[in-house]
There are 2 protein chains.
Amino acid sequence: MQLANPKRLYFFDEGVSDKKLLGGKGAGLAEMTALRLPVPPGFVITTEVCEEFYSNGERLPEGLMDSVMGAMKSLEDGTGKRFGDPKAPLLVSVRSGSAVSMPGMMDTILNLGLNDQIVEGLAALTSDDRFAYDTYRRFIQLFAKVVLGIDEALLSRVVDEEKKGRGVAADSDLDAASLKRIVRAFESALAKANKPLPQDPKEQLEMAIEAVFRSWNGKRALEYRRQYRITPEVAKGTAVTVVAMVFGNMGNDSATGVLFTRDPTTGARGLYGDFLANAQGEDVVAGTRTPKSIAELKKEMPEPYSTLERVAETLEERFAEPQDVEFTIEKGRLFILQTRAAKMGPMGAVRAAVDMVREGRITKEKALLRIEPDQLEQLFHPQVDPRKKELPIAVGVPASPGAATGKVVFDADTAVEWTKKGEKVILVREETKPEDVHGFFAAQGVLTSRGGKTSHAAVVARGLGKPCVVGCAALVIYQQSRLLLVGDTKIEEGATVTIDGSNGRVYPGAVRLLQPELKDEVFELLAWADEVKRLGVWANADTPESAARARKMGAKGIGLARTERMFNAEERLPLVVSMIMASTDAERKLYLDRLRPLQKQDFKKILKEMQGLPVIIRLLDPPLHEFLPRFEDMTEKVNKLQRHGEEKQLVEAKRILDKARQLSEANPMLGHRGVRLGLTHPEIYEMQMTAVMEAAAELMNEGVKVMPKIMTPQVAAYQEVKRIREQFDEVKLKVEKKEGLTLNVKFGTMIETVRACLDADEIAKYAEFFSFGTNDLSQATFSFSREDAEAKFLPFYLEKGILPDNPFETIDDKGVGTLIRLAVESGRRTRPDLEVGICGEHGGDPRSVYICHKARLDYVSASSFRIPVARLAAARIALQERARS
Amino acid sequence: MQLANPKRLYFFDEGVSDKKLLGGKGAGLAEMTALRLPVPPGFVITTEVCEEFYSNGERLPEGLMDSVMGAMKSLEDGTGKRFGDPKAPLLVSVRSGSAVSMPGMMDTILNLGLNDQIVEGLAALTSDDRFAYDTYRRFIQLFAKVVLGIDEALLSRVVDEEKKGRGVAADSDLDAASLKRIVRAFESALAKANKPLPQDPKEQLEMAIEAVFRSWNGKRALEYRRQYRITPEVAKGTAVTVVAMVFGNMGNDSATGVLFTRDPTTGARGLYGDFLANAQGEDVVAGTRTPKSIAELKKEMPEPYSTLERVAETLEERFAEPQDVEFTIEKGRLFILQTRAAKMGPMGAVRAAVDMVREGRITKEKALLRIEPDQLEQLFHPQVDPRKKELPIAVGVPASPGAATGKVVFDADTAVEWTKKGEKVILVREETKPEDVHGFFAAQGVLTSRGGKTSHAAVVARGLGKPCVVGCAALVIYQQSRLLLVGDTKIEEGATVTIDGSNGRVYPGAVRLLQPELKDEVFELLAWADEVKRLGVWANADTPESAARARKMGAKGIGLARTERMFNAEERLPLVVSMIMASTDAERKLYLDRLRPLQKQDFKKILKEMQGLPVIIRLLDPPLHEFLPRFEDMTEKVNKLQRHGEEKQLVEAKRILDKARQLSEANPMLGHRGVRLGLTHPEIYEMQMTAVMEAAAELMNEGVKVMPKIMTPQVAAYQEVKRIREQFDEVKLKVEKKEGLTLNVKFGTMIETVRACLDADEIAKYAEFFSFGTNDLSQATFSFSREDAEAKFLPFYLEKGILPDNPFETIDDKGVGTLIRLAVESGRRTRPDLEVGICGEHGGDPRSVYICHKARLDYVSASSFRIPVARLAAARIALQERARS
C-alpha cells in the first residue's frame, strides 16, 4: 500500500493535531501540549498505520518498531528515565483513539515496561514496594486480558482469594506482601495457560500496539460503528498513543479523576466530576471504590484543583465545547491525560450550547448544529430516572413517549370509574378498539400485549400525548380473572405499575420519575432554528387540546386532523354503529345528519384554536368494520345471549356480527377504506365536508380567521380525486350560498399509495395540495404490513443488517424517497404552486426531515411531541445545505 | 366551429367512401355503388355535422336542411318519385352509422315521408291498401318511439288489442281495415300525449336527422363505446344516411333478409343467413315471425338468390373479409341495403382468415391482425352451448375457464370416494385450503362461495386446468346438513349442477356442453404468429401434467413453477404441518429432509417433461399459516375433542391452534412470506434448492438436457437477493462437488414489490433474471387487496368508469407499467444480458402482452390455456410495431 503521508509517528509537540490522522485522543494531547497544559510527553502512531496493519494481513509494517523505539528514545531523553532500565524505568500507556470517539469500545494498556526485575527497581527507586507491585499486578491483569486474550475471571479470582485470605474488602487494602503473592500467582496462571508474560519491554510494546490495532475490528467496536453509522469515510482506523506514565497510585497526595467542564445534566458551568485518591484510572470506572465528588478535591488538594479550573477554561476557550477531561495527580502534580467533547444529557447540551452563544464562544448556527434533534424529545416528557437502575419486568414496543405510574385496570369503564374516585390508572388490554377510547382519556398511560406502532392504541395515545407501550408479548392477560401474568409474576387489578413509552419498559410498582424541566434555553434554541429553517413544521392533531399543545410546541399549522378519531368518542360510537348498520342510504343519512352537528363542533373548536393557521382535515379513512366491536367480543356476546335467551338483544347482536362478517377483509390495510369508501358511500364525505364548511362559515361570522383544508385519503388514481373534488365544489357552493359568504377552504389529497405518486401529474389538476402519508406509502412500497413485519421479521432484518433502518421510522430514501421526489416534480409541473407536505410518523424523524427538505417539500407534520425535534432537524439541514453551497 | 371540410353531404355515387366521414353504413353503400351493386340511391350527412350539432347546443347547423332538401331533389330526379307528393311519394329511411360498428346502439327510422294524405296516394299507386297502411303504421311506430320519445308499449298495446279483437296471431295476418284502425288509434294516442305526428315530410325528416344525431349520446351508445373503448379518435360521431326506401313488404315476391358470406360459427364458405317474405327489416330482428334459412330462398326466388351469390363474391373480393349483408327484394328485384364486416365466432373467424390466406385474398399478417386474441381461448374448453338459452341460478367470479357438469359434493374426501365409484362430481366449498387439494384432482370442477380470482381454489384449479367458479356469494352452504341453498332453491349433495368457469355461471342440472373442436386452421394460424412475434411465450405450470399440456399449447419454457403446490399434495401436507410445528431448527430440518426426496421427484418429472427448455422454479412463497387447517375447523375440532375428552389428541390440536394463532397476520399478503420466510428459516430454501439441483444432476447423468432456474419471491431490497444468492452458490458448489459435474442452473428473482422495481439496479448485481409478478405488484401499486377489492368496490369502480380496466386483468400502464419499465431499464444498465419476463396472470391478457412487448421483455408466462392467446397477441403487437416504423 502506498501512503500519501509516509510519516508514521508524531510527537505531541510537533504542532500537528489532525484528528483523522492522530485519532481524537492523540490530537487532543497534541492540542493541549500546544496550549502548554501539563501533558506527559508521548507520541502517536497514525491511523494510516492501522490501515497498513490490516492491508498487511494484521502485521505491523516493516520498520515501524524501529521508528517506535526511536521515539521511545526521545521520551527517555525528555523524562530522564529509560525504557527497560530497572534503575530509572520508563513506563508508558498504550492507548487507542479514532477520529470519532468510541468510548470503551477499544483497548488500552497501562504501566507497560515492567517485568520481574524492573518492578524491583521501581520499588527501590520509590521506596514503595506496595506501589511498585500494585502497578505491576495492574499491568499484568490488563496485558493478560487485552494482549494475551486470557479470561479476565481467571486473574480476578486470584485477587479475590487473596482478599478473602487477608480478610480485606478493597484492592487498596492489600499490602505489598499480598500484591507480591498475587503477581506470583498471576505468573504461574499465565504459564499454565501457556501464555507467559513477555519479559522484554520492547516485545510488550510491540504486542500492545498490535492488540490496539486489532481492537479496531473487535466485536464491540464493529457493533458500535454499525449502530452509530460510523463509516470508513469518517474514521478509517485507530491511532495508537504512547504516553509516559504518571501515577495516581503513589500515595495519598496522588489521585486520578474525570471531570466535565459543565454539568452534563443541567449544562451549568463549573467543574463536575469524580476522583479517587491513590488510584489509577480504571479504578474510577470499575466501581470497586466509590469516587468522591470533584468539589472535595478543592478541599483536599487546593492547588491542583485551581490548576484544573484554569485548564478547563483554557480548553473551553480553545474548543468552544464542554470538555470531558481525564487527569492524574502524581504526588501533588497535575497531569492532563485526555480531553474530548463531553457527552451531555439533553438539557445539558441545550443549555451549554445556548450559554456558549451568550458567552460569545460560538455562533447560533454552531449551537444548532451541536444538538442532535432526537435528544430534544426527552425534555418534554416525564422520564424514569436513569440514575436509579430499576429492572423492568417486560419490554414492549415504545409507542408514545413519556413515563407514567398508575394502578392496573383491565377495561375502559373501570379506568373511568377509578379515575373519578381520584386514582391514577394504567389501562391494560390485549389490544384496544374505538369503544375503549374513553378509557384513554381517563388513564395515565396505556399498555397492550398486542399490536405495533400503528395499532389503534398507539395512534390514539400519541394523539392524546399519553405514554403508551404496545405489543408487550410477555404479558398474559386474564380478563375474566382481572389478572396479569408476566412470567411468574402475578399482577392483580389495582396493583401499581410504571410504563415508559420512550423505550417500551414496564416496571412493577412506582418508579421515581423525573418531571420535564423546560428551561428558557430550549425555547431560545428553537427560535434560532425557526430563523434558519426552510421547511415548515406542522402538527398531527385530532382534538382542540392537542391542537393547543401543538401550537405551544411551535407548530405553524395542522397537517393532519383525523376525523375518525372524532367518530370514536363514547357518545358518538353508537351513532356510528347505527350508521354502518343502516340497511338503506336514507337510513344511513339519518344517522349522518345526527353526527354532522357533533363533527361541526369538533371542527369549530380546532379551527378556532388554530386561528390564523392552516388546518388540514382528512376525510374518513379506516374501513367501517374498524368501528364495530371486536370479533371475539361479539361472538362471546352472542353466545351469552343465546344461553340467556334475551331474544330481541340476541337478534340485534347477531345482526351486528353478520355485518362484521360481511365487512371483514383478508387484508384490511388494502381494503375498502379511504376514498374508496367515500366514493361508494358519498353521503359520508358529504356530511364531513358540510360540517367543516359550516364550521368555517360560523367562525367567519364570529370574526375568527380560519384556514381549513380538506383532503381525501388512499387515493390511487386521479379519477377518484376528480370525483371528490366535484363533490367538494358542490358542497362549497351550497354552504356559501346558504351563508352568503366566500369560504377560504382548499382541497387536496393524501399521497399514500404508490400509484398516486405515479399519477401525480393528473392528480394535481384537481388537488391544490399533496400530503404524503409515508406510513402507508412505506408499507406499500415494501409490501410490508407494518404490524406483521415488526412482530415477525423486521427485528431480524435490522439485526442482520438486511435493512439498514426500520423504514417505518426513517424514510427509505431509495424506494419511498424516489417516489416522493417523482410525485413532487410531476405534481408541480402541472401546478407550480402545489403545496406539498408529509404527515406520516416520519415527519418527526430527523433523517426523514432531511429527505423532505431535499425533496423541496413545504412542510413536515409531526406528532406534537416531535415538533421541537422537527424544527431543529429542519434548521440543521438548511444550515448544512448552506455550508455546502 | 370551423370545419376542415365544409362539404356536409355526399351522394353514394360521388366516389367518396371515407368511413370516418360517412360512417360504416354510408361508406359501405358508397363502395357498393361504385362496385355497381344494386343499391337504392341515397346520400350521407357526415359525422362532422354530428360534431357541429353537438357544439351548436344540439341544434342542426344553419343551412343544413337547405342542403338536405337539395339532395332530396336529386333523389327525386333519380327515382322519378317526389318527397311529399301523394301521387308518386318518395319515402326514405334515415339511419345512423359511425366509423366503428355499434350494432343496434343508435336509431333508425324507416318509411319516412308518409302522412294521412300520402298514405292514400301510396295505396292508390300500388293498388294495395294493406301495403300502404302497413308501411304507415310501421313508420308511426318507429317515429313515435325514436323521434317523439313515446313509450313503445303504448302503441304496441294498440296492435295487440286489434290482433286479439280479430283473433289473429301475427302482424302480417292483419288486413287493411285493421291496419287503418290501428293508424287512427296511434294518431289519437299521440294527440293525447300532446305529441302529434308532424304531417309535413320535411319536418319529419329534420326531426329524424336530429334524433339520429342525439342517439349518438344516448345511454346505450355511451355504454357501448365505454365498454368497447371506442374513443373520439376512432369515431367522433354518427353520420346520417338517407336512402330511398325499397319495400320487402309488397307481397310474396318481396322479402327482406340478412346473410353472412361465410358461416360465422364454422367459417365455411357459402351464404348463411335468414330471410322473411313480405316483411320489412325489423321483422327479422323482432322475432315475431320465424325467418327461413337462406337456402330456402334459392328455391323460392332463384334469380335474386343467384344475384346474391354474385354480390357476396364481389364484396369478399373487394373487402377481403367475410361480410354481413342486409338485403331487400322488392317485387323480385334485389337491393342491397348494407354491408359490413361480419362478426364471426372464434372458430369461424380463424377458419375464414386462414382460408382467405389460402385463397390468396389476404396475407398471413392480415390474418393474424384479424383475430382478436381473446377469442382463441374459448376454442380450447368445453362451453355451455350458447344456442340453448339456459338460465343460471347464480353467477360468481369466473376463475378458471371451461364448463363442467357433475354431482355436488361438499368435501374433498367425498369427491375422491364418489369419483372412485365412477361418478363425476363438482366440489362445492365455502373456500378451499391445501388440505382440500386431493378433491380438486378428483372433481370435474370446483365451486366456492367465497374468494376471488387469486384465492386458493382459483389458483389451484387454473394450475390443474379445471373449470372453477369462486366467490359465488348467492350460495349458502350448510356443510353439516350436506345442503346448498341458492335463494329458495335447495340443492342436496348428489344433485347435478353445471358450472361455467369462463363466465362464472352456475346452472341447475346437466346443461348441454359443446366440446372444443380444434381444427388445423388454429394451429396453422398460431404457427404464423410464432414466425412474427418477438416475445417468447412460456407457461405457468406446477405439475408434470400441466407442463406437458403447456408444451402442447406451444410454450417455450416454464416461467413459473410454484413449489408450494407440491407441498399441498395429500401425503405431504402432514410432513409440512410437522415442519411448521417443529419447535427447534433441528426438528424442522428432520421433516425437511423427508420432504426433499419428494420435491426432487417433482422437479425431475417437470424438468424431464420440459427437456431442452428453461424451467423457472420459485422458492416457497406463501406464509406458513396457509398450510395449516382453517381456523374455524381447528376451533371446532378442539371444542369437539374437549367434549369427548381424548386427551392426547386434544393437546396436539390445541398446539396446532396456538401455532396458527401465533402465525396469524393482520395483512397476510404483506406479511411473513416469500424471501422473508426464506431468510428467517434458511433451512427451507436450502432444502428446495438442493432438491432442484440434485434433480438436475440426476437427469444430466441420464443424458437429459435440463435448464432449471431458481428464483426467490417477494424481494424488496438487494440485500435479500444477495443473501439468497450466496446460499444458492453454496448449495450449487456442494451438489456439483458431490455429483462431480457442472450444473447449468441460473439464479434470479421475482420483481413483485414496488421497492424491488426501484432497487433493480442493485438487485441485478445478484440476479441473472427478473420475473415480474404483476399480481402482487398491481396490488401493491394500487394498495388494493385483490380479494377485497373485487368483492367490495372494484365492480363499482369499473361500472362508474373510475378505473377504465380491472388492473388485475390488464396491466395498469401508467402505474404498474411505469414501474416495470423503470426496473427493466435500470436492471439492464447493471446487467445488459438480464433476462426479463412476466409470470403474473397478466401474461395471458392481450393488452398486457402489448405492454410487455413495448417494455422489451424477453417473454411472458401464462396459464397454459392462455398460451395461444399470448402467442397471437405477441404476434399482433410485433406486426403493429413493424407497420408503424
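To find a chain, count down the sequence lines: A is the first, B the second, and so on, and within it residues start at 1. This one's a predicted model, so the numbers in the text were calculated from it and none came from an experiment.
- Contact count against chain B (heavy-atom pairs under 4.5 Å) is highest for A/P668 among A/A756, A/C757, A/G801, A/P668.
- Residue B/D776: no heavy atom, backbone or side chain, is found under 4.5 Å from chain A.
- Within 6.0 Å of atom NZ in B/K654, 12 or fewer heavy atoms from other residues, nucleotides or ligands are found, so the atom counts as exposed in its surroundings.
- Both the backbone and the side chain of A/K800 have a heavy atom closer than 4.5 Å to some heavy atom of chain B.
- Residue B/E799: no heavy atom, backbone or side chain, is found under 4.5 Å from chain A.
- Ranked by heavy-atom pairs under 4.5 Å with chain B, the list A/L777, A/V816, A/I802, A/T818 is led by A/I802.
- Residue with the most contacts toward chain A among B/T781, B/L819, B/T753: B/T781 (heavy-atom pairs, distance under 4.5 Å).
- Taking chain A as the reference chain and counting heavy-atom pairs below 4.5 Å, the highest number among B/V715, B/D761, B/L794, B/L677 is found for B/D761.
- Interface residue A/V675: backbone and side-chain heavy atoms are both found under 4.5 Å from chain B.
- Between chain B and the options A/D788, A/T680, A/L663, A/V754, the largest number of non-hydrogen pairs under 4.5 Å is found for A/D788.
- Among A/Q714, A/H672, A/R676, A/R755, the single residue meeting the side-chain contact (heavy atoms from CB on, under 4.5 Å) criterion with B/F784 is A/R676.
- Only the side chain of A/R723 comes within less than 4.5 Å of a heavy atom in chain B; its backbone stays farther off.
- With a threshold of 4.5 angstrom between heavy atoms, B/A717 approaches chain A through side-chain atoms but not through N, CA, C or O.
- One finds the NZ atom of B/K792 at 7.5 Å from the CD atom of A/Q662 (value rounded to the nearest 0.5 Å).
- Proximity to chain B involves both the backbone and the side chain of A/F782, based on heavy atoms less than 4.5 angstrom apart.
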Could you walk me through whether A/M669 and B/M669 pass the side chain to side chain contact (heavy atoms under 4.5 Å, CB included) check? CA-CA 10 Å; A/M669 212 203 85; B/M669 211 202 85; over 6 Å; no
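- Among B/P804, B/A666, B/S783, the residue making the largest number of heavy-atom pairs under 4.5 Å with chain A is B/S783.
- Contacts from residues 470-478 of chain A to chain B, taken as heavy-atom pairs separated by less than 4.5 Å, involve no residues at all.
- Counting non-hydrogen atoms of other residues, nucleotides and ligands closer than 6.0 Å to NZ of B/K659 gives a total above 12.
- With rounding to the nearest 0.5 Å, the separation of CG in A/N667 from OG in B/S785 is 4.0 Å.
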Start with the C-alpha distance between B/E665 and A/E787, add both sets of side-chain angles, then the distance that settles side chain to side chain contact (heavy atoms under 4.5 Å, CB included), and finish with yes or no. CA-CA 8 Å; B/E665 295 178 305; A/E787 191 176 341; over 6 Å; no
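- Residues A/D759 and B/K814 approach most closely at OD1-NZ, 2.8 Å, considering heavy atoms.
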Apply side chain to side chain donor-acceptor pair (under 3.5 Å) to the pair A/Y797 and B/Q719, showing each step before the final yes or no. CA-CA 10 Å; A/Y797 267 42; B/Q719 295 95 327; over 6 Å; no
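- Contact of B/L679 with chain A is made through backbone and side chain together, with heavy-atom distances under 4.5 Å.
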